[in-house]
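Only one structure is covered here, and it is reproduced in the block below.
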Amino acid sequence: MNKENIITQIKKNSNEVYRISEKEYEGYRFIDVRIYYMDKSSGEYKPTKKGISLMPDKVPGVIEGI
């Protein structure tokens, strides 16, 4: 089962957003930071390959590095 909980969304430009979400896949939790684009035909945001998935315990180190 693949679950997603959107934490926040930040506008990148008129067609894209950065989406930060918590996901669960095969029993493992991840924090996903990914660029989503607006699909003109459906009007929905869809994910791109541009992003990163982290184990939750790695997030503080990434934030500190930034």
Side-chain angles (χ1 to χ4, degrees):
M1 176 173 254
N2 192 2
K3 298 179 188 177
E4 179 180 16
N5 177 36
I6 299 171
I7 297 169
T8 192
Q9 206 166 260
I10 303 161
K11 188 173 183 174
K12 179 181 179 195
N13 57 44
S14 62
N15 297 317
E16 296 176 312
V17 295
Y18 298 104
R19 184 178 284 180
I20 302 170
S21 57
E22 180 181 35
K23 293 185 175 186
E24 184 177 317
Y25 182 74
E26 294 185 0
Y28 294 97
R29 288 180 50 229
F30 298 93
I31 301 299
D32 191 66
V33 181
R34 189 155 309 279
I35 296 174
Y36 280 67
Y37 71 96
M38 176 63 72
D39 182 338
K40 305 258 186 224
S41 62
S42 70
E44 296 178 13
Y45 281 109
K46 298 204 174 173
T48 68
K49 293 182 179 185
K50 299 175 184 176
I52 184 171
S53 291
L54 303 162
M55 298 298 289
D57 64 330
K58 303 298 182 199
V59 173
V62 171
I63 291 170
E64 185 179 323
I66 292 171

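Quick note: numbers below take in every heavy atom, side chains included, and nothing from hydrogens, waters or symmetry partners. Each residue takes its place number in the sequence, starting with 1.
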If you draw a 6.0 Å radius around NZ in K12, do more than 12 non-hydrogen atoms from other residues or ligands fall strictly inside?
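More than 12 within 6.0 Å, yes.
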If you measure from [atom1] on [X] to [atom2] on [Y], what distance do you get to the nearest 0.5 Å?
| X | Y | atom1 | atom2 | answer |
| --- | --- | --- | --- | --- |
| S53 | D32 | OG | CG | 3.5 Å |
| E22 | E4 | CD | CD | 10.5 Å |
| N5 | E24 | CG | CD | 11.0 Å |

For K46, what residues pass the side chain to side chain contact (heavy atoms under 4.5 Å, CB included) criterion, not counting sequence neighbours?
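K46: side chain to side chain contact (heavy atoms under 4.5 Å, CB included) contacts with Y37, D39, S42.
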K50: what forms a side chain to side chain contact (heavy atoms under 4.5 Å, CB included) with it, not counting sequence neighbours?
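Only I35, T48 meet the side chain to side chain contact (heavy atoms under 4.5 Å, CB included) criterion with K50.
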Would a hydrophobic clustering, with Ile, Leu, Val, Met, Phe, Trp and Tyr connected at side-chain separations under 4.5 Å, put [X] with [Y]?
| X | Y | result |
| --- | --- | --- |
| I52 | I63 | yes |
| I6 | Y36 | no |
| L54 | I7 | yes |

Below 4.5 Å, heavy atoms only, C-beta onward: do F30 and M55 meet side chain to side chain?
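Heavy-atom side-chain distance check passes, below 4.5 Å.
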Is the shortest heavy-atom distance from the side chain of Q9 to the side chain of Y45 under 4.5 Å?
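With C-beta onward as the side chain, the pair touches.
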Looking at every heavy atom in both N15 and N13, which two are closest together, and how far apart are they?
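That closest heavy-atom pairing would be N-OD1, 2.8 Å.
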Minimum heavy-atom distance between P56 and R29, given as atom pair plus value
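Heavy atoms of P56 and R29 come nearest at CD-O, 3.3 Å.
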